Structure formats: structure tokens, C-alpha cells
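Source: prediction; values computed, not measured.
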Amino acid sequence: MHTDGAFKVDVHRVFFSSVDLNIFPTVEHGFPHQPSALAFDPKLQLMAIGTKSGAIKVYGVPGVEFTGLHKDTTAVTQIHFLPGQGRLLSLLDDNTIHLWELVAGAPREVGGEKRDSGVCLQEVSSYTLPGRPGIESCSATRVTVLHLLRSCDLLCIGTEGGGVYFLELPLLSLKDDDDFCSASLPDDYRCGKSLGPVESIQEHPQQPGKILIGYSRGLVILWAPSTRQAEQLFLGKQQLESLVWERSGNLFVSSHNDGGYCVWTVTSGNGFPDVLWLFITGPFPCKAINKILWRTTQTGSPVLLYSGGMPRASYGDRHCLTVQQDKTHVTLDFTSRVIDFFTVHNIEQEKEFDEASALVVLLEEELVVIDLQTPGWPTLPTPYLAPLHSSAITCSFHISSVPPKLWERLVNAGKAQQGHQQTHRTWPICGGKNLAPPSKQHELLLTGHEDGTVRFWDASGVALTPIYKLSTANVFHTDCDPCDDPPDPSDDPDMQQEEEWPPFRKVGCFDPYSDDPRLGIQKISLCKYSNKLVVAGTAGQVIVLGLNEERSDHSVEVSVVDLLQDREGFTWKGHDRLEPRLKPAPFPPGFQPQALVQCLPPASVTAVALHAEWNLISFGTSHGFGLFDYHKRNAVLARCTLHPNDSLAMEGPLSRVKSLKKSLRQSFRRIRKSRVSGKKRVSCIRSKYSPEQEDVAPVQRRIEPRSADDSLSGVVRCLCFADTFLRDGTHHGPTLWAGTNSGSVYAYALEVPGVGSGRASERGGAGDGSACVEALLGKEIQLMHRAPVVSICVLDGRGKPLPDPYEASQDLAIAPDMTNAHSVLIASEEQLKVFSLPKVSAKTKFKLTAHEGCRVRKVAVVLFLSTAQEDYSEHTLVCLTNLGDLHLFNVPGLRPQVRYSCIRKEDISGIASCVFTKNGQGFYLISPSEYERFSLSAKVLTAPFRLNSSLFDVTRVVIFACYGYGKIGTPKQLRCGT
């Protein structure tokens, strides 16, 4: 995020005198994009993940997070902690080694107060292994393995040329230029490149300094640094992949590229020892075992863990990790590639057994943690690093100040979904201490996905934690669901074979494949007071759901709304509608469907609005918009917004029948029009302004009006319900507002029975049983330049936005001013404009495109709280443009206040995914799996408060103790947060 962008402030404004505004990048939510390395500090209990973009992220207890970025965007290939020191080493793909350190950050001033920045991850130094002159020396000194000795003063470096070097820490200085390890081998093994690259280096668990060095061609040596001699040699017949010691040091295990592993005995004599046993995972050619771990247990049977090793022909395309103990054998089957893994186990020397408690697996698309202490080895739910992109994110929606009752019901529904495959043991990565005070209110982030699911996330703090998942697929028959009854596994011979061997178990929640692309969620709206949820999808489906704590088996009533209104000459060429289930379907506790509205043609829904107090929903597509009373299951209104030339709107997003000739013709027509009109109007535009006006008025760009027959001009961009004055200035009532792609705004006056006399005060009340909601067109506005309407907001007599449904009637917010005249704020892509109501006359406007040369993409009216006065707040209009800038305006004067650079203008998906909160924060996707969170208000910040200054001092004392400067403090103090 660019936080140092230029900004400009109006010298006349006093609007933000009491409100401290700035742009604060706070935290990144989600799973790191393209992870490439993993490490774990068993003393501080911290985990580090490196990415292909050169980022290092360190995680501890939920809320403790650190991020460091290398200067170059180069992949991180390896990470190694200096245990207990708050330091780590990283190896990049460019062959450089970097030393990082957790250091105290400088205090920063926020809201006029200096706040402690806590601890940050900072690069201290770097090192590149020198090469000898010559072309071949570059590859010969390329680092393949790093291994840190337990003394933390030496780093062993293995190279592609078979050399082993030692680096002194923390100075990062080379101890000896020569490779003594290779020189100590017999002459038969030192000719040419017969050794191959160094694949693994492991220190003896009981004899510090003595290391096991494994070469790619199969040779393994036990090397003693004191004598600089190879004490023992082990010769394997297959290419070596990895090594691991058994805890006592009497055995070690090697894994190979043929899918087998060997267990070797370590003796005091010389020569080649015999292999204790050799095991190959199958009778057929197998994939390599990339990494293997051996963990001892008190029961006597060790736990063996290895990645790969599957038969190439049958399961070569699977991403697996096998866990074996005695007769218990489980092959964890993942949906993405295994990057690395480690176990959480005893590291104290006085302990006799490893007793691994958890297995942590870093995959390409998610992090999976297995509980090794519970029978069956279930998974642990992740409090952070959950894969937001388990199915591609298609939309998002934020709710602040969630009522406690709704929060509790959502949490209970989520727990009921976890089932028996998850355990509730404590999270094993628990280093550090989260010093942030508990959040005063609950926040929800809802994400819609391509597979028809809506996921609910706890966005109250630094860790974005999954709470509950809603699936809409069971409302319909999908392409991969030919019948209601699931197939019997006993009838499938393939299933029988999988049950026999290997014993696969599907693990993880990342699933990029969708049963039917029409299920994709496009729009979400939730009323936190009535527990009503509306989700709309790609095939024109709009589902109204209610929260239920009990399981229910019922059918969903379907209402069809034809938005074309029998217009002639239009033929839908896109996808078919989803087929709803006619039989009762089971719905688990949580949000359950109550009504289904199917738009025709079944185009993607582009806008929705929910007013739970009136029991109304509105929805829009590329063909028009409709109004539906979900209490009486009655379609109130269907309005077609298509232009006669809108043929492209009939083809749908999944159709490939695009009119290329028409697109080219329209493009050339616009170019010719701009050239001709530009020559004719330059002189008259300049003559409009007097010399006095030219000194004051800002320079404006000439904006060409858009053609009325542009493709997709009928797309409905926004919908809004409001209780305001539309017919006259004395009587107010319910209204519906709709804005389209062609700059048209439709305002309907609604007759809602019972409003003000019963229905408005009863959340589920029906009011008059015989009366129905009616809609009458009150106003129709056409913007001059026909720019798409992005947002519509009705302002009360004080110039403040109207409260949400139930907030005024339940005394949850200040009642709107109904005595003075209202106004409506309409934001198009090119300008912001305020109209008075009910006459709809222009009051003020700001031409953003003419002044700044950008177009509006996202708009929100935000409430900013003062840092100086607790009871002071102001509403502000926040606009995100196509250039990634944030423009802030006062309301309703539309006076520009400040501008910040927020998102790179090249990041089109990030700009399109941005969602604002009502208190001045925002979320946008920086990758398919990560949200960047930022705040415009110094009063509302959600940022990690990791490790205070006293804890940091303890960290440094621990480092000094490791280097012999004193014996003050222990790593245990750091873990306990003292």
C-alpha cells in the first residue's frame, strides 16, 4: 500500500479540525500469496512463512504478527530461526542470506498522542557466498541447504557443488574459505562431481557440533568439526532427498527419490554399516519422498511422517503427506502442493521422547494443523491464516457493531458445522502476547464465493477468524448433482480401492472447483437487527434467508419476476436459470432460505437492497430492477431499463457471442465525435469565462457525453430504500431509488401498509392482511453526461444520512430530521451531485473527472469520530477512484477535504474489491487470498500490538545470554509475556 502519496487540503475548511484523519495501513488478513518457505521457533513458539515475492511473515498467538519485506522481490527459499533470540535467517533465490531481528519500533504520533509501535521485524545484514573465478563456479557455490547449529554461533551452508562452508553469527562472516568436509573424504569420492549437491545437513542430537551431511548421489557422512574428519560413511543406492536423526542419535533416516526410506545405525567403528531396513511405499514406481521426520513416543512405536512417496501411475497427481505409527496409517490428501511441514514436540534435552503434539503443514493455498495427541489425528481449526480463497471471492460485505445475540447464534451455528473431524485443543503456535485491548464491538466480514457459499469472518481484531459458512447449493439442482440421493460408496469399485490402500483422508478446505459457475454469489445484504440475509447470484437468483437455531427440512417457495415485461425483439442468449429443488431439502442450523426470487432473463444480479422493517427487497440486473415483498411472497414491481440497442445485455456473462463489429464501430464513432466536437467547442468554452473567473475557477477537462446506445446502458448499478419526501414537502414515506449505467435515476414512492401504525414496529408483523405494497414512479432523473450512477444516498434535514432500518424505531440511533427539507446525494463515475427534495433541483456538485481526471469506483458515507472530543463526530463522503486514490468530501457541501494514495492504479482487482466500513476502515484484495486492511480514522485502528517494550528488553537479554554476556532472563519469560 502506498501511504506516502500526495494529498491536498482546502485552506478554507474547518471540517476536520476536531477529527484526526490520515491513512493507516493496519494489517493483512488471510493466507500469504504463493508461500515458499516455513520455519518454527520451538522456544519462542513463533512460526515464519516466506513468499515468492520476498515477504516474511511471523505469527504467534492470535493477534501477534510481524511482516518484513526484502529489498528485492525475490523468492524466499528457506527460513531458519535462531531459537529463543527473536532472530531468523532467510535464503533467497538470488543466493543471498539475510539476518532479521525483532526490534523496537519508533513511537508514532496518532491523534496528538505518542503511541508505542511495539516490535517490528527488521533486516540487520546480508551475505553472499563468494564464488571462484570461472563460469562453473557460479553454480558450484549456489546455496542448497542451510542448517543452524544449536550453539547459534555457526551456520552450515551446503552448496550445489558439494561444498560445505561455515558462517559465523551474528556477524555473517565466513569462517574458512576451504571446504574441509569434502577434503576429508576418501579419494574415491572426491573426483569430479560424483558427490552431487548437498541435499541435507543435520546436527547430532546428543553430540553438539557433529553433523550429518547428505549428498544427492546417495553418500552420507558423519563429520566431526573438532578433528575435521569424516567419522563414518553411509552409501545409499538411490538419490538422496532428506535426512532426519532419531532422538537418541543411534539411528538416522534417509528418504530417496524412488519413494523409499532407509533407517541406518550409527556405530563407533569405521566402514559402511548395514541398513536396518528398507521400505518402499508401493510395488510400482513411486514419487520421491521429499522430506521425512521420525518422532519417538513413550508407547515405543515412533511416528513417521513424510511427504510424497505415492505410486506415480495411480496417484502421481495427488499432494499427500503420510503419517504412520505402528499399524495406524493415514495418508493426508490435500488439494494443493505441500511446501513444508514441521512437528511441535519436546525439545528439552532431559526429555527422553519427542512426544509430538501437532503437525503443521504449509500448503501452496492453505495451512493445515493436525492434532497428533487425539486418536484419529483430527485437524485443528485455524484462528488465522484461513484460506479466504477456498473458493474464489466474488463479493464482500461488512457489518459493524454486531448485536451480541446475533453473534452468539452465528458462533453456535459455526461450531455445529465443524463435526467430528476437528479437535478443540489449544493452538500450538502460541508465542508472544497480544497486548491489544479486547474489541469493544464485534465486526463481521461476509465474503461471497464462486461455489455459492457465503463465509462469515470475525473481523473484530487482527486475526480474521472463520465463524460460519453458508451454502446455497442445496437450494438448487446443480450440474454435478443429478439426483437428490447421494451415491452409495459400496457400489463404486474405485471407492473400494481407495479404502483399501492407501488410506486417503481428504484434509483442508481449499477447493478451487465449483460445481456450477451459476451458483456464484454476486451481492450480499444483511440486516443485523432482524437477522435477515439476502444473497444474489450469477444466474439471477435472489435468496432471502432467516436465522434458525434448529435443523429444518423444508422446500423453498419460488417466485419468478420477468424484468423484460414482455418486450419484443429481445432474446436471451446466455446461460439457463438454476433448477430449484421441488422436494424438501435439509438445512442445518444457521441461515436457512425462506424465499427464492428468480429473475428472468437469468442474468447476473448487479445490485440488491434490503429493508427488513418493511419486509422488502430490491434487486437489479443488466435488464432492469424489481421489488419484492418477501413476507407476502409478492412481486411488487418490475421495471425494464434496457435501451433498444442493448443487444449485448442479452448475451450474458457466460456467453461468447460478443458483437466485435459493433464494439469497433462504436469505438471509432466516439473517436470521430470527440475530434469534431473538440474543434468546434474550444473557442466557445474559453469565451464563457470572464477574466475574473479564469483566475478563480480550476482548470477542467472537457468530458464528452456518453452515447445513449452504449452497450449495457441498462445495467442497474445501485439501489436504495429511504423514508423521505418525494411527492411533496409535507408528507414523507417509503421510497425506492435505482441508478443505472446510462446515468438514469428512478425514484418510486411506495405504499407500505402498516408503516407507522404497526408493521414498522413489528419485525415479522404482516400489518394489514389484505393490503399489499404498491409502487408508483415519482421522479426520473437523467444525468447530463450519462455517466454510470455508482451510489445514491438520501440525507435528512441536517444533511446526515438516514439511519438503517430499525435503528430509529428501536432507539438505536438518533432519529432523522423530518422537519427540514431532505436532499439526495447521487454519485456517478464522473461527478458528485446533491439534489433538493422533493423538487429534485441541483444544490451543489463536484466534477471529479473534470478536475482530477479520474473516475469514481466506490463510494461510502463514513462517520468519523474525534480523538479530542468523545462526543464529537462528522459524516464524510469517501470516494475511491480508478487511479487508486481516496478523495474525501464534506457532506452535504461536497467541499474536497483531502486526498490519499491508497491502491496502485494497476491493481484493478484490488480497486474493484474494496469495501468500506461505516467507521472509516476499508478492505481490499492484494492477492486472491489476502485482504489489506486500512483505516482513515486515527480513532479506529485495528493493528497488531505485539510485544511491549519490557518484553522486547527480555528478548534482547535472552540474546545476550546466548552469547555469554550474562545470565539474565530465560526464553520461558519471553513465552510467558513477562
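Taking 4.0 Å as the cut-off between side-chain N and carboxylate O, Arg142 and Asp93 count as a salt-bridged pair. A salt bridge does not link Arg295 with Glu246: none of the charged nitrogens is closer than 4.0 Å to a carboxylate oxygen. At a threshold of 4.0 Å, the pair Glu352-Arg247 does not count as salt-bridged, since none of the basic side-chain nitrogens sits closer than that to a carboxylate oxygen. The pair Glu168-Lys175 fails the salt-bridge criterion, with no side-chain N (NZ, NE, NH1 or NH2) lying under 4.0 Å from an Asp/Glu carboxylate O.
A cation-pi arrangement is present between Lys291 and Phe341 under the rule of less than 6.0 angstrom and at most 45 degrees off the ring axis. For the pair Arg318 and Phe504, the distance from NZ or CZ to the six-membered ring centre is under 6.0 Å and the angle to the ring normal is within 45 degrees.
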Practice task
Give the C-alpha distance, both sets of side-chain angles, the deciding distance and a yes or no for ring-ring contact (aromatic ring centres under 6.0 Å, His included) between His98 and Tyr127.
Solution key: CA-CA 6 Å; His98 301 257; Tyr127 176 81; over 10 Å; no
Exercise for the section: Start with the C-alpha distance between Arg337 and Glu365, add both sets of side-chain angles, then the distance that settles salt bridge (Lys or Arg N to Asp or Glu O under 4.0 Å), and finish with yes or no. Expected result: CA-CA 8 Å; Arg337 185 170 59 92; Glu365 303 293 349; over 6 Å; no
Handout entry: Worked verdict on Lys287 versus Glu241 for salt bridge (Lys or Arg N to Asp or Glu O under 4.0 Å)
Key = CA-CA 11 Å; Lys287 296 180 66 176; Glu241 294 291 331; over 6 Å; no
Handout entry: Derivation of the salt bridge (Lys or Arg N to Asp or Glu O under 4.0 Å) call for Lys71 and Glu123
Key = CA-CA 10 Å; Lys71 296 179 182 179; Glu123 183 178 349; 5.8 Å; no
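Relative orientation of the Tyr384 and Tyr59 rings is parallel, given thresholds of 30° and 60° on the angle between their planes. Ring geometry for Trp223 versus Phe166: interplanar angle under 30°, hence parallel rather than tilted (30 to 60°).
Counting heavy atoms from C-beta outward, Ile157 and Ile97 have side chains that approach closer than 4.5 Å. In this structure the side chain of Val220 never reaches within 4.5 angstrom of the side chain of Trp264, judged on heavy atoms. Side-chain contact check for Leu99 versus Leu172: some heavy-atom pair is nearer than 4.5 Å.
A donor-acceptor contact shorter than 3.5 Å is absent between the side chain of Trp294 and the backbone of Val244.
Closest of all the heavy-atom pairs between Thr51 and Pro32 is CG2-CB, 3.9 Å.
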